[in-house]
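Below is one structure, written out as structure tokens; comments come after it.
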Amino acid sequence: MMVSEYLKQHTAEYHDAAEKLFNSAKIFNKTFTLEDYKKIIRTNYLMLLHSEDEIFRSLSDHFSEKLQLDSRKKLPLIEKDLASLALKTSSASEELEFSSEHEALGAMYVIEGSTLGGNVIAKQLSKTEGFDQVTFNFFGCYRENTGPMWKNFKEVLDGEVTEENYNEVLAGAKKLYTFLLNVN
């Protein structure tokens, strides 16, 4: 089993908990409100604020290159969303720490995976009443490249991570999910 498959299986309960936390079901029956959206943006902002720089710092040049890290920065994008929603930025109370490159890759799996869902959410909400003024900088971050960017991330992950490191990658993913679910 490839590491991406392993992660998907072993983080399913966290993924479901996040969907519950964010009232994701309401997105698809069009009862999602601007307040719901603010909560999802604020929480994702705090997650990125406390992890993105640390993740990028933990990855070697080898990974930076293969993953095109420069084109994956999301904190500046979500800060634009905060501004447009009149939400305040804050400073990181303490950055999350990743004890290895593998843990950082696991955390990145959570963030990159969320861009797939984010793209769907942006499409859906742009058709929902009350969202016509909303800019989806974070959720629409890769635009039409969402599929290829995810595919590239998964291929690098699956090609580079060997089985003896699966549990470390999983630990990183769990660390970030746990933060996301408890940050509010």
Side-chain angles (χ1 to χ4, degrees), residues 1-28 32 39-41 43-48 50-52 54-56 58-60 62-69 71-75 77-78 96-125 136 138-184:
M1 182 194 305
M2 297 302 244
V3 71
S4 60
E5 199 45 50
Y6 178 84
L7 286 168
K8 189 177 180 176
Q9 279 185 17
H10 290 85
T11 58
E13 59 188 289
Y14 292 88
H15 182 266
D16 294 348
E19 291 205 323
K20 234 186 223 95
L21 175 71
F22 295 136
N23 296 323
S24 299
K26 291 168 67 179
I27 294 169
F28 297 98
F32 200 73
K39 177 183 179 178
I40 213 172
I41 289 298
T43 309
N44 276 288
Y45 163 67
L46 290 170
M47 173 184 75
L48 288 168
H50 290 82
S51 67
E52 189 173 75
E54 185 55 33
I55 290 169
F56 283 25
S58 305
L59 296 173
S60 62
H62 171 75
F63 276 111
S64 301
E65 225 162 282
K66 283 202 165 222
L67 291 169
Q68 309 146 355
L69 280 194
S71 57
R72 292 186 188 269
K73 261 206 169 319
K74 297 180 186 65
L75 191 58
L77 295 172
I78 204 162
L96 283 165
E97 279 178 28
F98 301 103
S99 59
S100 69
E101 193 164 51
H102 288 106
E103 270 200 10
L105 285 169
M108 198 170 168
Y109 168 84
V110 177
I111 296 173
E112 288 301 314
S114 75
T115 61
L116 283 177
N119 201 37
V120 176
I121 291 169
K123 276 195 183 118
Q124 195 64 30
L125 289 181
F136 298 101
F138 170 60
F139 279 143
C141 65
Y142 298 148
R143 310 269 178 245
E144 62 285 346
N145 291 321
T146 304
M149 289 293 277
W150 172 246
K151 203 168 157 259
N152 162 254
F153 178 72
K154 245 173 53 164
E155 278 169 2
V156 172
L157 208 58
D158 288 339
E160 303 276 341
V161 178
T162 54
E163 210 159 326
E164 71 261 27
N165 297 119
Y166 282 15
N167 56 348
E168 237 181 304
V169 181
L170 180 61
K174 285 183 170 175
K175 192 176 277 186
L176 198 59
Y177 262 128
T178 303
F179 181 84
L180 179 73
L181 293 168
N182 295 295
V183 70
N184 290 20

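For the atom pair NZ of K73 and CG of L48, the computed distance is 9.5 Å after rounding to the nearest 0.5 Å. Note that OG of S60 and CD of E65 are 9.5 Å apart. Values are rounded to the nearest 0.5 Å. Note that the CD atom of E101 and the NE2 atom of H62 stand 8.0 Å from one another [nearest 0.5 Å]. Put simply, CE on M149 and CZ on R143 are 13.0 Å apart, with the number rounded to the nearest 0.5 Å.
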> Where do N44 and M47 land on the side-chain contact (heavy atoms from CB on, under 4.5 Å) test, with the steps shown first?
Replying inline: CA-CA 5 Å; N44 276 288; M47 173 184 75; 3.5 Å; yes

> Given the rule in the salt bridge (charged side-chain N to carboxylate O under 4.0 Å, His left out) test, do E112 and K74 qualify, once you have shown the distances and angles that lead to the verdict?
Replying inline: CA-CA 10 Å; E112 288 301 314; K74 297 180 186 65; 2.6 Å; yes

>> Pair S71, N145 - check side-chain contact (heavy atoms from CB on, under 4.5 Å), show working.
In response: CA-CA 11 Å; S71 57; N145 291 321; over 6 Å; no

> side-chain contact (heavy atoms from CB on, under 4.5 Å) between I121 and F138: does it pass, once the steps are laid out?
Replying inline: CA-CA 11 Å; I121 291 169; F138 170 60; over 6 Å; no

Do any side-chain atoms of residues 8-20 form donor-acceptor pairs under 3.5 angstrom with protein atoms, and if so which ones, sequence neighbours left out?
{"unit_1": "H10", "atom_1": "ND1", "unit_2": "Y6", "atom_2": "O", "d": "2.8"}
{"unit_1": "T11", "atom_1": "OG1", "unit_2": "L7", "atom_2": "O", "d": "2.6"}

Donor-acceptor contacts, no H, no angles, side chain residues 163-181, under 3.5 Å, sequence neighbours left out:
{"unit_1": "E164", "atom_1": "OE1", "unit_2": "T162", "atom_2": "OG1", "d": "3.2"}
{"unit_1": "E164", "atom_1": "OE2", "unit_2": "T162", "atom_2": "OG1", "d": "3.4"}
{"unit_1": "N165", "atom_1": "OD1", "unit_2": "T162", "atom_2": "OG1", "d": "3.3"}
{"unit_1": "N165", "atom_1": "ND2", "unit_2": "E168", "atom_2": "OE1", "d": "3.4"}
{"unit_1": "Y166", "atom_1": "OH", "unit_2": "M1", "atom_2": "O", "d": "2.8"}
{"unit_1": "Y166", "atom_1": "OH", "unit_2": "V3", "atom_2": "N", "d": "3.2"}
{"unit_1": "E168", "atom_1": "OE2", "unit_2": "S100", "atom_2": "OG", "d": "2.5"}
{"unit_1": "K175", "atom_1": "NZ", "unit_2": "E97", "atom_2": "O", "d": "2.7"}
{"unit_1": "K175", "atom_1": "NZ", "unit_2": "E103", "atom_2": "OE1", "d": "2.8"}
{"unit_1": "T178", "atom_1": "OG1", "unit_2": "K174", "atom_2": "O", "d": "2.6"}

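Between the side chain of T43 and the main chain of I40, no donor-acceptor pair closer than 3.5 Å is present. Between the side chain of N119 and the backbone N or O of Y142, no donor-acceptor pair lies under 3.5 Å. Side chain of K39 to main chain of L21: a donor-acceptor pair is present (N/O by atom type, distance under 3.5 Å, no hydrogens or angles).
Looking at L59 and M108, their side chains come closer than 4.5 Å, going by heavy atoms from C-beta outward. F98 places a side-chain heavy atom less than 4.5 Å from the side chain of I55.
Other residues, nucleotides and ligands contribute over 12 non-hydrogen atoms within 6.0 Å of the CD atom of Q68.
Residues S4 and Y109 share a closest heavy-atom pair of O-OH, 3.9 Å. Residues H50 and L46 approach most closely at ND1-O, 2.7 Å, considering heavy atoms. Scanning all heavy atoms of the two residues, the minimum distance from L67 to R72 falls at O-NE, 2.7 Å. Nearest heavy atom pair, residue V156 against residue K66, reads CG2-O, 3.8 Å.
Contacts of F32 classified as ring pair (Phe, Tyr, Trp, His ring centres under 6.0 Å), with partners at least two apart in sequence or in another chain: none. Taking the side-chain hydrogen bond (donor to acceptor under 3.5 Å, both in side chains) definition, one finds that K26 meets it with D36, sequence neighbours left out. The side-chain hydrogen bond (donor to acceptor under 3.5 Å, both in side chains) test applied to Y45 returns no partner, not counting sequence neighbours. With sequence neighbours excluded, no residue forms a ring pair (Phe, Tyr, Trp, His ring centres under 6.0 Å) with F56.
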